[in-house]
Amino acid sequence: MDRKKFLWTSLLGALIPAGKFSFSGKSEQVVGPVVISTWDNRKANRAAWDILSKAGTALDAVEAGARVPEADPADHSVGYGGYPDRTGKVTLDACIMNEESRCGSVAFLQDIKHPVSVARKVLESSPHVMLVGEGARQFAMKQGFKKENLLTDHAREVWESWKKNPEFPVTSWDKYINHDTIGILALDEQGNLSGACTTSGIGMKMHGRVGDSPLIGAGLFVDKEIGAAAATGVGEEVIRVAGSHLVVELMRHGSSPVEACKQAVDRIVSNNGGQMEGQVGFLALNKNGEYGGYSIQPGYSYAIRDMKTEELVKSKSRF
Ligand code: ASP
């Protein structure tokens, strides 16, 4: 980016209102760099935008964005402060993917605060795509990540109260499980796309459970010819339809981002006989800067940041 353009970008960045909300059932389009993320992850978008607005790469931007909720103890489905599994362990899943279809992923990782950065190390410093459990933790420690206790007092209290009534169905646990897994997609100044996804998964899950978020094609997919997609919500449902890959392939066949997300939602609902209690939300960004989202249940939103706007968009839903 030349200096004039950079100054213009910075000026616009300083002027835009931070509290804008909108409701959208159609795809919108931006010109220039953009970052979008699932739920109200405007803080994450700001960290990503700091990089994108200085002509940084989409890959750096999505990693920086994903690290924000990972470090936030008030975010109970991502990283530090995430709700534990049934045995009281916080186990983390994350992945990252760039425009060259290079990807890295970790699943069932314990004691490391920033799984998205470990996933990036898998991409850049290992011959593999995915590491899990103890192997992922050992790899992280060799790469210089430090071992930390990720179970906060609040998360322990919620787990202890769940233990008193362990038959309570996980789908009714929504007052505690707010599905704020972050999927984050960015298009940079050079026109390159990248994405990342990070979560502590569904609270009170079985020990050893891995959701969609670290699975390339389920929780995240990026294709430089077409676009990128990410998912949030009940991971089991997303895996069954290879959700994010499905959204990108639907865009390849001509669907707009919103239409592709809607068709993926419809596929999941039809797999469940037309009725569902659980939530799944998709987010998509194509290589032309068109973006959109769609969910099964009402209540899903996504955050966008570009040169002109910082917004939280309420997505349309099937029900
Ligand atoms: N997709 C995540 C998982 O199934 C959870 C979520 O987004 O709430 O692990």
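None of the values given here were measured: they were computed from a predicted structure. Note that ligands are numbered from 1 as they come in the structure, with each ligand's atoms numbered from 1 the same way.
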Note to self: Within this structure, what is the CG-CG distance for the pair Asp223 and Asn286, rounded to the nearest 0.5 Å?
What the structure shows: 11.5 Å

Notebook entry, point to check: So how far is it from Lys205 NZ to Arg86 CZ, rounded to the nearest 0.5 Å?
Noted result: 11.5 Å

I want to know if ligand 1 touches [X] in the polar sense, i.e. an N/O pair below 3.5 angstrom.
X: Gly235; value: yes
X: Val234; value: no
X: Asp93; value: no

Check: Is there a heavy atom in Gly233 that sits closer than 4.0 Å to ligand 1?
Finding: yes

Out of all atoms in ligand 1, which are within 4.0 Å of some heavy atom of [X]? Include the element for each.
X: Ser213; answer: 1 (N), 2 (C)
X: Asp212; answer: 1 (N), 2 (C), 3 (C), 4 (O)
X: Thr181; answer: 2 (C), 5 (C), 6 (C), 7 (O), 8 (O)
X: Thr232; answer: 6 (C), 7 (O)

Notebook entry, point to check: Would you say the side-chain atoms of Asn45 and Ser37 include a donor-acceptor pair closer than 3.5 Å?
Noted result: yes

Notebook entry, point to check: Can you pull the side-chain hydrogen bond (donor to acceptor under 3.5 Å, both in side chains) pairs that have at least one residue in residues 126-141, sequence neighbours excluded?
Noted result: Asp111-Arg137, Glu134-Arg137, Glu134-Gln138

Checklist line | Residue portion contacting ligand 1 (non-hydrogen atoms closer than 4.0 Å) for Gln279 | finding: neither

Check: What do we get for Ala231 next to ligand 1 when only non-hydrogen atoms under 4.0 Å count, side chain, backbone, both or neither?
Finding: neither

Margin query: Tell me if the CZ atom of Arg318 is crowded by more than 12 foreign heavy atoms within 6.0 Å.
Written below: yes

Check: Is the side chain of Glu189 donor-acceptor paired with the backbone N or O of Gly56 at a distance under 3.5 Å, no angle test?
Finding: no

Which pairs would a plain distance check flag for residues 60-72, meaning a side-chain donor or acceptor within less than 3.5 Å of a matching protein atom at least two apart in sequence or in another chain?
| unit_1 | atom_1 | unit_2 | atom_2 | d |
| --- | --- | --- | --- | --- |
| Asp60 | OD1 | Arg120 | NH1 | 2.6 |
| Asp60 | OD1 | Arg120 | NH2 | 3.1 |
| Asp60 | OD2 | Thr57 | OG1 | 3.4 |
| Glu63 | OE1 | Arg120 | NH1 | 2.9 |
| Glu63 | OE2 | Ser117 | OG | 2.6 |
| Arg67 | NH1 | Ser117 | OG | 2.7 |
| Glu70 | OE1 | His114 | ND1 | 2.8 |
| Glu70 | OE2 | Val116 | N | 3.0 |
| Glu70 | OE2 | Thr198 | OG1 | 2.7 |
| Asp72 | OD1 | Ala74 | N | 2.8 |

